[in-house]
Amino acid sequence: MSKILSAVAWPYANGPRHIGHVAGFGVPSDVFSRYMRMAGHDVLMVSGTDEHGTPILVAADAAGVSAKELADTFNAVIVDDLVDLGLSYDLFTRTTTGNHYLVAQELFRTVHANGYMVEQTTQGAISPSTGRTLPDRYIEGTCPICKFPEARGDQCDNCGNQLDPTDLIDPRSKINGETPVFVETQHFFLDLPALAGALGEWLDEREASGTWRPNVIKFSQNILEDIRPRAMTRDIDWGIPIPLPGWEENASKRLYVWFDAVIGYLSASIEWARRTGDPERWREWWNPAAEGENSLAYYFMGKDNITFHSQIWPAELLAYAGAGAHGGSPGAYGVLNLPTEVVSSEFLTMGDQQFSSSRGHVLYVRDVLARYGPDPLRYFICAAGPETSDSAFTWAEFIQRNNSELVAGWGNLVNRTATMIAKNFGEIPAAGALESVDEDVLAAVRRGFDTVGDLIGRHRQRAAIAEAMRVVGEVNKYLTVTEPYKMKDPGQRERMGTVLHVAAQCVSDCNTLLAPFLPHAANRVHVVLGGAGEFMPMPRAERVVDLDPGAGAGLGGYPVITGDYAATPEWRSVPVEVGRPIGLPAPVFTKYDPSVVDEELARLSDA
Ligand SMILES: [Zn+2]
């Protein structure tokens, strides 16, 4: 048994999330976490909403509300979306909590004390017409790396690279279009060159493990070649105060949003432990494991965030431990584990275009859940998501996969098995002597626990669900070949009982194989097979109060996602119970008329 940290990218709270977001970080991390729990590991799955930085302020300005009000609104929307999608977080919190501010400040202070946070004079923008400071959020221009014409002063949303306003080609004020003038200002820079050696060693070791996706490890090694100090403070008035004398009081300088957002993985783990009443328990996932134990950390995100997880966050952790060229010693949290694996997905596109909230070319998680429920969306993401290359969402494929794979494949197997048992026995019949056709199908399903589990463990979820559905197909074939529905003669009753017993066993096992992907459906199939209660534990939203009122952004109460996953079933074949009553089943999935495709396309063009 290993300790598994499942560290899921923090959705940004400047608006509702579209299905591209949950395809990249949400569903894949939940499938992995649920499987790891089933396989007997001790999983801690954490995340939250990322609520600092320029885009929150821009959106708040546009809406005429404060940054905190905007974050409150979209934190609540995102919590509801992720709960309804069934994402099984141990804790999903926010970056505006007092706990997060205190943890981020502890990291900053120790990294600074160890000599890796270097004060430098840099160029800050002012508006020539007013003489006032022009915050990064109000500067845009052309990205020097990818030439995107609307890059912001802190980051390019097109290529994901971190920028400084002075990097932009043709910088301009978003307020009035004038060209800013740059004057000297003081900021703290993370001394990445002093950490490059340690980062390189870690990446080489990770490459040797052979588990990372090749493009992710290559990208991470390549960006080491051009490593330079990066500003970790910003001219902005929304964010975490810089915890040093003379800086803390300066309301116009704050920690850079990415410095604090990645610390969220640690602070959420600490908040989780504090809320369980065992405040030091987070250390089991974060401090190096004792001899003979294993502690692994998996980070899930989209490809635009690789830099922050394979360079900035590991650099913060190494600097905190005093493990770079300047030496130093760890702070109160001790030596903290580096990522075992950075699991980066590619992009989901909508048809042949990128999702774009601003251009109305977008599908919000909320709307898809309201119209179709979680199963078809989770299934589409698992079976056709952007795992190792960009993939396109189309309504035609969404409906086709639902109808021909979920309904006609898996749903039909469940339905006809339960219907034949209900009509002929009313309970799961006992098996007589098994024939080779029975032995073969049972063995094929049992092998699925190895093949599907191995693929999920290696983050090959498209292949994993395809393999599980192939196994479902084997069982459907078994019923076609054995034809229990033709066994009308009383002399065939024992054989019919055997076939339906075998089929019930196969359905039960297939339900376990599909449960990490389709937990809601797994609970319904469990009931069809005569089970009671929940088969797969579900997350819940819960309102909590800030543990450190006064230290953060002044939250008071806020919603979190949490859950009790101790009753998660084991990843193995469990014998079905002979004599368990089975009634006529309700359909497990809903079939949609193909005309839905045109309705959805019309809805999009109206938007
Ligand atoms: Zn760019």
Side-chain angles (χ1 to χ4, degrees), residues 9-12 14-15 17-18 20-21 23-25 50 52-59 122-125 134-174 177 179-180 182 187 189-190 192 213 215-236 256-259 261-262 301-313 315 342 344-350 352-359 361-362 386 389-391:
W10 289 53
Y12 199 61
N14 64 336
R17 294 299 85 187
H18 61 64
H21 293 124
F25 68 83
D50 175 8
H52 295 131
T54 303
I56 295 274
L57 281 169
V58 172
T122 178
Q123 300 290 303
L134 199 54
D136 297 346
R137 68 183 139 140
Y138 288 121
I139 305 170
E140 65 178 25
T142 300
C143 173
I145 297 157
C146 74
K147 310 297 182 218
F148 180 61
E150 288 162 33
R152 293 194 318 263
D154 59 346
Q155 188 183 334
C156 172
D157 282 338
N158 189 54
C159 66
N161 279 287
Q162 189 197 352
L163 301 173
D164 287 312
T166 49
D167 294 336
L168 295 172
I169 301 164
D170 298 329
R172 58 193 176 271
S173 161
K174 284 182 74 171
T179 304
F182 289 96
H187 279 293
F189 284 67
L190 182 59
L192 288 166
R213 289 175 181 156
N215 57 329
V216 181
I217 197 92
K218 277 278 160 306
F219 177 88
S220 306
Q221 288 169 327
N222 284 345
I223 55 177
L224 266 187
E225 286 166 17
D226 177 36
I227 202 162
R228 59 193 167 106
R230 291 290 186 98
M232 291 293 141
T233 56
R234 288 279 163 181
D235 288 313
I236 188 170
Y256 172 47
V257 59
W258 268 109
F259 177 81
V262 289
M301 77 221 60
K303 64 180 167 186
D304 50 338
N305 290 341
I306 297 174
T307 304
F308 301 102
H309 293 85
S310 69
Q311 182 171 99
I312 303 292
W313 178 227
V342 171
S344 158
S345 68
E346 305 292 306
F347 289 149
L348 186 71
T349 59
M350 203 164 125
D352 53 7
Q353 297 177 51
Q354 298 284 341
F355 282 92
S356 166
S357 308
S358 54
R359 280 173 287 142
H361 193 73
V362 70
S389 60
D390 288 356
S391 72

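Small disclaimer: the values here were computed from a predicted structure and weren't measured. Just follow the structure's listing: the first ligand is 1, and inside any ligand the first atom is 1. Start at 1 with the first residue, then count along the sequence. Only this structure's heavy atoms are used, side chains among them; waters, hydrogens and symmetry mates stay out.
- Near-neighbour remark for the Zn ion (ligand 1): protein N, O or S atoms under 2.8 Å are Cys143 SG, Cys146 SG, Cys156 SG, Cys159 SG; waters not counted.
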Open item on the list: Quick one, Leu348 with Phe355, criterion side chain to side chain contact (heavy atoms under 4.5 Å, CB included). Give me CA distance, side-chain angles, the key distance, then yes/no.
Closed with: CA-CA 8 Å; Leu348 186 71; Phe355 282 92; 4.1 Å; yes
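- The nearest pair of heavy atoms linking Leu163 to Arg152 is CD1-O, 3.8 Å.
- Ring orientation note: the planes of His309 and Trp258 are nearly perpendicular, at an angle over 60° on the 30°/60° scale.
- Residues Thr307 and Ile223 are in side-chain contact: their nearest non-hydrogen atoms beyond the backbone lie under 4.5 Å apart.
- Between the side chain of Asp390 and the backbone N or O of Glu346, no donor-acceptor pair lies under 3.5 Å.
- With Arg234 contributing its side chain and Met232 its backbone, the two residues share no donor-acceptor pair below 3.5 Å.
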